[in-house]
Amino acid sequence: MKKLQLFNVGLYHKAHHMKILKTVAGLKKQITGPVLRPLGFVPTMGALHKGHLSLVEKAINDCPSVVVSIYVNPTQFNDREDLINYPRTPEDDIALLSGIMRKNDYVLMPRDKEIYPEEDNRVFDFGNLDKVMEGIHRPGHFNGVAKVVSRLFDIVNPDIAYFGQKDFQQLVIIRELVRQCGYKVKIVACPIIRENDGLAMSSRNRLLDPQIRKNAGIIYKSLLSASKMIKSQDIPEIKKFVTANIEAYEGFKVEYFEIVEETRLIPLSFKNDMKSEEVYFGCIAVKAGRIRLIDNIKIPLP
Ligand code: AMP
């Protein structure tokens, strides 16, 4: 009951060291003027786990003041069911954050009207970057991500923003967004935090059927195998292996597995095309029961 009351308070709540703001105006009042800089920013969709907390901890370590946003952004969901079912755990999120956040740190938990006071019809052009992998399977997704991230950057005006490498393609697109829009924010990429069996932590993991969850470690295990196979096998064989290895488990379906150069994201057909001065990642999306999971791994040069 106590927690529920806490969530109902108006502008912000003072029981924690950090401040919780529900409005853009409330946040702006706090962070304009002589705000402590560098100001760090961690955008999230909540249902926080250790992956999110690793970003927040890094931000706290680097910056005297940090803003964490918790906002399930409707414009980035191409699948209505996914938006409806997306886990929302605001009270747990506040409890987790209040364990690490400080006096000059802020949590922004806005309503839709705060982020989109009017319809946002912007269309971004990311060239090839949003035409491959997630871009094919989640049409419109990255345009929605770009809308919300640019809006949040305008609101927060951070010096440093922290993103997880788990969403590898998103990270590349956000770097491009920053370049195109001329934001003066430094983008910091943080490593993927995993469960004991290797499954990349994700808010959606809690939606997995127990039987599916039990086998979901196969995704990362297959990526590890792929990173080793590149020495002795070519990309078509590796793709075949990864797909078969994962789909051997009931309920698992590989949407794509691509090996791409880390900035242009053009999928490679053969390892002959790999250049010694470049860096490559193997990126995967798997439908695990009804839940869609993504992961990636660095692929060494053969
Ligand atoms: P989300 O709430 O899914 O939008 O994620 C918010 C941020 O946390 C994004 O920058 C994600 O890439 C990052 N993130 C999510 N899961 C992980 C993870 N397992 N390890 C590291 N970062 C993550």
Side-chain angles (χ1 to χ4, degrees), residues 40-62 66-79 82-83 85-90 92-94 96-97 100-101 107-110 115 133-134 138 141-153 156 158 160-178 183 185-208 213 216-217 219-220 223 262 281 283-286 288 291-298:
F41 178 44
V42 183
T44 81
M45 298 206 298
L48 300 182
H49 50 67
K50 287 183 195 149
H52 296 116
L53 294 186
S54 74
L55 273 57
V56 179
E57 276 162 1
K58 172 99 176 89
I60 285 175
N61 200 50
D62 295 350
V66 170
V67 176
V68 173
S69 63
I70 297 179
Y71 177 60
V72 180
N73 171 38
T75 66
Q76 75 185 70
F77 283 80
N78 53 305
D79 176 348
D82 187 25
L83 173 60
N85 295 328
Y86 199 83
R88 291 162 173 90
T89 60
D92 294 348
D93 294 349
I94 291 171
L96 282 173
L97 290 176
I100 54 174
M101 293 184 87
V107 185
L108 176 65
M109 305 175 86
I115 299 297
M133 302 193 290
E134 292 299 284
R138 301 188 69 188
H141 167 64
F142 288 119
N143 202 67
V145 168
K147 280 181 188 174
V148 77
V149 170
S150 63
R151 175 80 177 120
L152 289 167
F153 281 174
V156 177
I160 315 179
Y162 298 82
F163 291 89
Q165 239 149 4
K166 157 139 190 298
D167 298 276
F168 177 81
Q169 190 171 4
Q170 168 174 283
L171 190 53
V172 176
I173 286 173
I174 284 165
R175 288 190 196 284
E176 176 62 15
L177 174 76
V178 167
Y183 286 115
V185 58
K186 178 179 160 192
I187 302 298
V188 172
C190 302
I192 303 174
I193 307 297
R194 299 179 179 283
E195 303 285 358
N196 285 334
D197 65 351
L199 177 64
M201 288 195 183
S202 161
S203 302
R204 289 186 180 88
N205 288 355
R206 68 185 81 199
L207 303 175
L208 294 170
R213 172 64 195 89
I219 299 170
Y220 181 55
L223 291 181
E262 71 167 343
F281 279 80
C283 301
I284 195 164
V286 177
I291 305 305
R292 206 172 167 279
L293 302 173
I294 59 169
D295 200 350
N296 65 83
I297 196 167
K298 188 169 168 184

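Below, each value reflects all heavy atoms present in this structure, side chains not excepted, and no hydrogens, waters or symmetry copies. First listed ligand is number 1; within each ligand, the first listed atom is number 1. The first residue in the sequence is number 1, and the count goes up from there.
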Salt-bridge contact Arg138-Asp82 (side-chain N to carboxylate O under 4.0 Å): yes

4.5 Å side-chain heavy-atom contact, Met45 and Ser203: no

Protein contact of atom 3 (O) of ligand 1 - nearest heavy atom, named by residue and atom, plus distance: Tyr86 OH, 3.8 Å

Side chain proximity check, Ile174 to Leu171, heavy atoms < 4.5 angstrom: no

Contact with ligand 1 for Pro43, non-hydrogen, under 4.0 angstrom: yes

Close-contact set for ligand 1 against Met45 heavy atoms, below 4.0 Å: 1 (P), 2 (O), 4 (O)

Geometric N/O contact Ala200 with ligand 1, under 3.5 angstrom: no

Min side-chain heavy-atom separation Arg213-Leu199 under 4.5 Å: yes

Minimum side-chain heavy-atom gap Val149-Phe163 below 4.5 Å: yes

Heavy-atom nearest neighbour in the protein, as seen from atom 10 (O) of ligand 1, with distance rounded to 0.1 Å: Gly164 N, 2.9 Å

Shortest heavy-atom approach to atom 21 (C) of ligand 1 - which of Ala189, Gly46, Ser69, Pro191: Pro191

Polar contact flag for Met201 and ligand 1 (N/O pairs, less than 3.5 Å): yes

Which of the ligand 1 atoms, numbered from 1, are nearer than 4.0 Å to a heavy atom of Leu55: 7 (C), 8 (O), 10 (O), 13 (C), 22 (N)

4.5 Å side-chain heavy-atom contact, Ile70 and Pro90: no

Student check: side-chain heavy atoms of Ile173 and Val145 closer than 4.5 Å: no

Min N/O separation His52 to ligand 1 under 3.5 Å: yes

Nearest protein heavy atom with distance in Å, relative to atom 20 (N) of ligand 1: Ile193 N, 2.9 Å

Check: Leu293 and Ile284 side chains under 4.5 Å, non-hydrogen atoms: no

Shortest protein heavy-atom distance from atom 11 (C) of ligand 1, along with the residue and atom involved: Asp167 OD2, 3.1 Å

Contact check, His49 vs ligand 1, heavy-atom distance below 4.0 Å: yes

Contacting atoms of ligand 1, where contact means under 4.0 angstrom from a heavy atom of Ile192: 20 (N), 21 (C)

Salt-bridge present (Arg175, Glu262; N to O < 4.0 Å): no

Proximal atoms of ligand 1 relative to Phe163 (non-hydrogen, under 4.0 Å): 10 (O)

